[in-house]
2 protein chains.
Amino acid sequence: MSGRVVALKAKARGRKTGGSEGGGRGKASVADIVEALRERIARQDIAPGAKLGEQELAAEFGVPRTRIREVLGILENRGLIDRIPNRGAVVSRLELEHVFHLYEVRAVLEGLCVRLATENAPPETWDEFVELFGEPMDKYVRERDFDSFIVVYERFRRRIIEWARNPVAARMLDSIYEKTNVVIRRIVILPGRAQEGLGEHRAVVAAMRAGDGEAAERAKRKNLYNAKETLRRFQKYVI
Amino acid sequence: MSGRVVALKAKARGRKTGGSEGGGRGKASVADIVEALRERIARQDIAPGAKLGEQELAAEFGVPRTRIREVLGILENRGLIDRIPNRGAVVSRLELEHVFHLYEVRAVLEGLCVRLATENAPPETWDEFVELFGEPMDKYVRERDFDSFIVVYERFRRRIIEWARNPVAARMLDSIYEKTNVVIRRIVILPGRAQEGLGEHRAVVAAMRAGDGEAAERAKRKNLYNAKETLRRFQKYVI
DNA sequence: GTTAACAATATTGTTGACACTACTGGCCAG
DNA sequence: CTGGCCAGTAGTGTCAACAATATTGTTAAC
């Protein structure tokens, strides 16, 4: 049916200075390959359900198959791929139910981070975002410039996690993002969602600027709860 | 300095019906070995900082070294061991700061699960625990029978996660428990903590029985927040 | 007696070869 | 023509030998 979507570039067979993947000099390490594949899966360069052949990947990255095997092991227990014994590995399809579960967890974890960040960072930290979530973001919404919208959104998210100073939460949120990245981009284009989300974020930022961590947490939770409900309402158009 | 604490039993070198570890028939699979080691680390049968030799483990479980290698890889990105290139693997020491981070995350995740469980389960589900957290637990506390105390505690926890019906949260909480198991047992014996925790849990159970998910969530959070504060106060005696 | 260089050993890291399983296509019987 | 059986093939799973690196032990010079 649907053909592979794997990029066939490079083929990097050479050894010295050969591996262009991951930016490392020398040949591609396990971490490099994991990162490369994680990115492809997150951006859906490889479609969900598509097969990941070990030999194929080994040839592309110019590494022995054993190393690919290790990579697939890591990707598997991160939940990004499914492996069936003697059958190979395929990119996980994310069930709608699973996405809801992810959103419930994401809500409380981001709520936590927002609260911690409010407590840890000097209030002026958030001035930048009070500004951005004002006129500029309004403009993006009006002009349907969702890419710029998401860039700011991501920047805010990263800043929060940075100031939350909790590596455990950061790690868990990362593992959620790498699975829901795609969904986020689809939710934001749903009718009225960007506008609504912007309003919710203004509440979050205002509370943070005011130093009220608890209020910020509640606002952030509500934001993600609403996002989930929008998703539920329009699920037919998303999945 | 401190010698190894590794159990030297079995040495199971035989192949057929040899691997007694993990309960599986035939030789030990990767999952079996991971589970066996996870358990040992959680129960501190292997001391933090102790070295895990590949050949040693391979000999003990009667499997090729490659398989042990895979196991160590899994344990590493679960955060249970640290691996230094060409030096080997050692059991992670858990820093006090890290434990606080884990508790912050655990608080919001268990809070979530308590709320979800209250929404999903029929109220009668919790009658059993209303009962248990009454007189029986009081008795355990009075008699310093912390083992029984923890058994009930664990049972309650499992029931909550079961009814929360959120595999994502369940998985994340598991990864927290396997690291903090030891700490839990040390907190509960701190002066007054068991009594205090019991009171907090009665509030949780009461709210759940009454079907008030939000109140139950708040109560559960408060419970873990207090546990964390107790830990902070007595940190010298715990770590 | 202490320290530095060197050799020996033990342990981790890497790889290609071999074994096994599941799919593909052809063949034959009904 | 259809359905099941069988062999061939492609791909995954397993392993044991080889290479690289760190640690330990030894010797000799200061």
Side-chain angles (χ1 to χ4, degrees), chain A residues 1-4 6 8 12-16 18-19 21-22 24-34 37 46 49-77 80-92, chain B residues 1-4 6 8 12-16 18-19 21-22 24-34 37 46 49-77 80-92:
Chain A
M1 297 292 189
S2 70
R4 302 276 172 59
V6 240
L8 291 177
R13 104 178 50 73
R15 336 207 87 212
K16 46 190 169 190
E21 288 291 344
R25 62 216 181 275
K27 30 186 181 178
S29 76
V30 171
D32 294 335
I33 304 176
V34 167
L37 290 182
I46 319 179
K51 184 176 177 182
L52 293 170
E54 295 184 359
Q55 307 189 120
E56 199 174 349
L57 292 170
E60 179 188 343
F61 287 97
V63 298
R65 202 161 59 84
T66 315
R67 197 170 295 180
I68 296 295
R69 207 134 222 295
E70 192 177 345
V71 169
L72 293 182
I74 293 173
L75 259 36
E76 181 186 20
N77 70 38
L80 284 142
I81 65 174
D82 295 322
R83 278 175 108 181
I84 307 160
N86 291 316
R87 291 275 309 265
V90 297
V91 179
S92 298
Chain B
M1 296 289 190
S2 71
R4 302 277 172 60
V6 239
L8 290 177
R13 102 180 52 72
R15 336 208 88 214
K16 45 191 170 188
E21 289 292 342
R25 63 219 181 273
K27 28 186 181 178
S29 77
V30 170
D32 293 336
I33 303 175
V34 167
L37 291 182
I46 319 178
K51 184 175 178 182
L52 293 170
E54 296 185 359
Q55 310 191 121
E56 199 173 349
L57 292 171
E60 178 187 344
F61 288 97
V63 298
R65 204 161 56 85
T66 315
R67 198 170 295 181
I68 297 294
R69 208 134 222 295
E70 192 177 343
V71 168
L72 293 182
I74 293 173
L75 259 35
E76 181 187 21
N77 70 36
L80 278 99
I81 65 173
D82 296 322
R83 278 174 108 181
I84 308 160
N86 291 317
R87 291 277 309 266
V90 297
V91 179
S92 298

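Just so we're on the same page: letters track the sequence lines, and every chain starts at 1.
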- Item | side chain to side chain contact (heavy atoms under 4.5 Å, CB included) against A/Asn86, all qualifying residues, sequence neighbours excluded | none
Shorter than 3.5 Å, N or O on both sides, protein versus nucleotides 8-12 of chain C: list them out with atom names.
unit_1 : atom_1 : unit_2  : atom_2 : d
C/dT11 : OP2    : B/Gln55 : NE2    : 3.0
C/dT12 : OP1    : B/Glu54 : N      : 3.4
C/dT12 : OP2    : B/Glu54 : N      : 3.3
C/dT12 : O3'    : B/Asn86 : N      : 3.4

- Message: According to side-chain hydrogen bond (donor to acceptor under 3.5 Å, both in side chains), who are the partners of B/Ser29, at least two apart in sequence or on a separate chain?
- Response: B/Asp32
- Query: What residues form a salt bridge (charged side-chain N to carboxylate O under 4.0 Å, His left out) with B/Glu54, not counting sequence neighbours?
  - Reply: B/Arg65, B/Arg69, B/Arg83
- Distance in angstrom units between A/Arg83 CZ and C/dA22 C1', rounded: 16 Å
- Quick one: side chain to side chain contact (heavy atoms under 4.5 Å, CB included) partners of A/Val34, sequence neighbours excluded? A/Val30, A/Val71, A/Ile74, A/Leu75, A/Arg78
- Task: Using the test salt bridge (charged side-chain N to carboxylate O under 4.0 Å, His left out), find all partners of A/Arg87 that sit at least two apart in sequence or belong to another chain.
- Result: none
